[in-house]
Amino acid sequence: MTGIIPVTGIKRKEEIKMWASIKEFASEFFVTGDPLIYGADVAIALTLFAIVFVLTYFKKWGWLWREWLTTVDHKRIGIMYIIASILMLFRGGIDALLMRTQLAMPNMEFLTPEHYNQIFTTHGVIMILFMAMPLMFGLFNIVVPLQIGARDVAFPFLNALSFWLFFWGAMLFNLSFVIGGSPDAGWLAYPPLSEMSHSPGVGQDFYIWGIQISGIGSLMTGINFIVTILKMRAPGMKLMHMPMFSWSVLASCVTIIFAFPILTVTLALLFLDRFLGAHFFTLDGGGNPMMYINLIWMWGHPEVYIVVLPAFGIFSEVVATFAKKKLFGYKSMVFALMSISILSFFTWAHHFFTMGSGASVNSFFAITTMLIAIPTGVKVFNWLFTMFRGRISFFTPMLWTIGFIPCFVIGGMTGVLLSVAPADFQFHNSYFLIAHFHQVLIGGVAFGYFAGLYYWWPKVFGFKLNEKLGKWAFWLWNIGFYVCFMPQYALGLMGMTRRVNTYGWDTGWWELNLVSTIGGFLMGIGFIFQVWQIAHSIKFMERDTTGDPWNGRTLEWSLPSPAPLYNFAVLPQVDSQDHWWEEKQRRAQGLEPKPAPPIEPIHMPKNSGIPFIKSFFWFIAGFGFVFDWMWMAVPGLIGVAACMLAHSFHYDNDYYIPVDEIKRIETAARGAV
Amino acid sequence: MAHSVDRAHSFSPHHEYGHNGHHDLESLRTFGFWIFLITDCILFGTLFATYMVLHGNTNGGPTPEELFEMPGVIAETFILLTSSFTSGLAVLAMNRGNRKGLIGWLAVTALLGASFIALEVTEFAHMVQDGATIGTSAFLSAFYTLVGTHGLHVSLGLVWMTALIIQLARYGITPVTKRKVNVIGLYWHFLDVVWIFVFTIVYLMGVMQP
């Protein structure tokens, strides 16, 4: 009997020890100590709880799985991309406003320096890779097959896989906010700061794996849309008949397939440095940190053209539609797109003129950078000439386009200033640079995608967005933009460098910083108006029954809104640019539409759960690698391999929609076949 | 039906439109694979560039001349080149409709690929035993990553080829399996070409006297 007491005593001691180690683990595993992050924890937990509750209460789990998680329909995948990117815009925007609040006044103590470093890092990564990219892919998905007269993309399964890889990559990256700690070495994670020697935490590993997983998805989307555009255009649609947005997608995807493998390798090498102690970019062992900076910008510079080219395509569509004129200079537009996509690979070193490569190298990159201004200028003139003597109607997509032109021209001019290598030694890493790239990325990319979203919204969802609220949002964004970023040019010239988390009263920077912060919040209010606009438009739904609410010119407007599952009951026979416009003109002249060939059964791909599951295994593997937990990473990779094999052995993955079914759907959507 | 097929052909000048105006999926997939190979070219190109920049940074560790043992590497090269030839024979057998020949030549190709991997793993193991690890110097980091990435590609190809052999045994030569054989043939030849560059740039230029 006497032996029992010490045994339980030991047990209790062990229990206490265990609890202590669990506590210690939890305090390292979860990010602790910051009220902002505790707030976020609560918000995340509540949101997850609400989602689970709603799905369970309304018995929607099966619906979610069958209709969305396993879908291979490009239109639904596009919608999921867009929802995800708007959520990411919210998060990246909050990051921006936190930074602007910290910088509003001198000596602010709103964010700690460590937290500030994390926030400018995640702001950059999220806005470029998890906001702009998915919004772009969402528009690709929604528009391209409809515009070129195809029934889906070339590889619908791969398309779903791309989306879910992006989704789980983004989840992994965002998880770092509450688990383990965010990356804090800047949006491109320059070594040696991003190496184990300087960033021993897990933040950088979240960065590597979050971007790596979603980057593989981006690469596959690039391949998918190249094949779709080159091989699946409607009969008769020659390349030079193709709508300009599809051309811009082709230019962007060609750039993707050449640029993204470089990113994959660069991140993998950084990972090997951190994980296996390799010496690619370390300060010791013969490593070369500048090698990383060259490699990452060989991807990074084309990347900004990848996101801006489709925006150019959107402006071309919008301008032609709302000026009711054929696009001016179609051929020069195509030429400009393609030459930008090639030139984009020869400018990377202008991001580090100060590296010390010597005068001849700097001159080469300065000149190639200036050269890009030429095709871009051609495009601006083409848009202006399209508007010239057109009957312009000022709907929201057109407003964003008109707002874009002066904004992008100023941003482009400051870009040319930056490209002058000797002058760049002054501008480098100052707020002048910050203002420049925000002007081209917000004024070019964000305005462009907003224009696209407003333009194609009725096609996707079957109802229009409220114009009045949209105009409020436009003016708030547009005015907020100039109020926010024009002072930053001046601040840069006054000596304020990027990534400073605070400054003193003696610098004389506070007035301009305060103005800039006010501008930032104006854009934030603009975003709230957009959310309100969407909510309002859902409530007071204004259905688009025509399928052609803007009197459009290209094929997507010949379909009902939203387009049926198979898009085109009969593939159109195309013989000109602006085919749908020409067709409408013919009908207005009282000419009979050409007799359509009879409807035939349509071959469709079956839904599949593999893309979702496989990407989830990538997430598991990535999470394991982040924490060096091989017991988690290895099963994750085995899961990925098993999914690949399962897909390879799966032969029953298509079906036919019978003619009766097509006729029934067409009658319901159009009133007649 | 004959009527509708005529119709489909009469309004589709593109060769991609086959029966009933539908795209020939298998040829789309082969085309997509060519584009994937472009991305893989860039991937290896980046690794080669990294190797070229870093191969002199030996950090006091072994240099390429001290490290590389050419007989083994030459054996690897001949084995891989032969496997490329046998994968070509497999495609020829397929085009004759000879399923047994196809599976046989694919199996020979896979065996040769496996011996290549075995030799490479042995080579790496020897180097590591001699204290030349990925963490020794920038040169060795770049070396193991470049050559290892090629080896990883070959290994993945082996798993893929095995899966394909099982599918061929189960379904025979169909348009789908035919496309799969063609695609893996492309992949295999591509890896062969990459190896020729590895052999030249890493090994031959490594042991050449300056």
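Note on naming: letters A, B, ... go to the chains in the order of the sequence lines (proteins, then strands), and numbering restarts at 1 for each one. Not measured: the values here are computed from a predicted model.
- For F281(A), no part sits under 4.5 Å from any heavy atom of chain B, backbone or side chain.
- Your options are M644(A), M291(A), H279(A), and the one with the most heavy-atom pairs under 4.5 Å with chain B is H279(A).
- Looking only at side-chain heavy atoms (C-beta outward), I223(A) and F33(B) stay at 4.5 Å or farther from each other.
- Here the CD1-CZ distance, from I38(B) to F258(A), works out to 5.0 Å after rounding to the nearest 0.5 Å.
- Using a 4.5 Å cut-off between heavy atoms, R170(B) touches chain A through its side chain atoms alone.
- Listed here is the closest heavy atom pair of A163(B) and L645(A): CB-CD2, 3.8 Å.
- A 4.5 Å side-chain heavy-atom check between F36(B) and L219(A) finds every atom pair outside the cut-off.
- Here the CG-OG distance, from L269(A) to S141(B), works out to 9.0 Å after rounding to the nearest 0.5 Å.
- Put simply, CG on D284(A) and CG on N59(B) are 7.5 Å apart, with the number rounded to the nearest 0.5 Å.
- Atom CH2 of W299(A) sits in a crowded spot, with more than 12 heavy atoms from other residues, nucleotides or ligands closer than 6.0 Å.
- Contact of L43(B) with chain A is made through backbone and side chain together, with heavy-atom distances under 4.5 Å.
- At a 4.5 Å heavy-atom cutoff, the contact between T50(B) and chain A is made by backbone and side-chain atoms alike.
- For a residue to count as touching a neighbouring chain, one of its non-hydrogen atoms must lie under 4.5 Å from one of that chain's; by this rule I134(B) touches chain A with backbone and side chain alike.
- Of the atoms belonging to Y171(B), it is side-chain heavy atoms, and not backbone ones, that fall under 4.5 Å from chain A.
- Interface summary for chain A: among L47(B), T136(B), T46(B), the most heavy-atom pairs under 4.5 angstrom belong to T46(B).
- Shortest non-hydrogen contact noted between A138(B) and G287(A) is CB-N, 3.9 Å.
- Neither the backbone nor the side chain of I256(A) comes within contact range of chain B, judged by heavy atoms closer than 4.5 Å.
- Contact annotation for I257(A): both backbone and side-chain heavy atoms come within less than 4.5 Å of a heavy atom of chain B.
- Among all heavy-atom pairs drawn from V227(A) and G32(B), the shortest one is CG2-CA, 3.6 Å.
- V265(A) has its side chain out of reach of F44(B): every pair of non-hydrogen atoms, C-beta onward, lies at least 4.5 Å apart.
- The environment of CD in E69(B) is sparse: at most 12 heavy-atom neighbours from other residues, nucleotides or ligands sit within 6.0 Å.
- In this structure, CD1 in I166(B) is found 4.5 Å from CZ in F649(A), a value given to the nearest 0.5 Å.
- The closest donor-acceptor contact from the side chain of K231(A) to the backbone of D24(B) lies at 3.5 Å or more, if one exists at all.
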Task: L230(A)/F31(B) under side-chain contact (heavy atoms from CB on, under 4.5 Å): CA gap, chis, key distance, verdict - done: CA-CA 10 Å; L230(A) 290 183; F31(B) 182 63; 3.8 Å; yes
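- Residue contact with chain B, scored on non-hydrogen atoms closer than 4.5 Å, involves the backbone and the side chain of I262(A) alike.
- Contact check for N57(B) versus F280(A): no side-chain heavy atoms found under the 4.5 Å cut-off.
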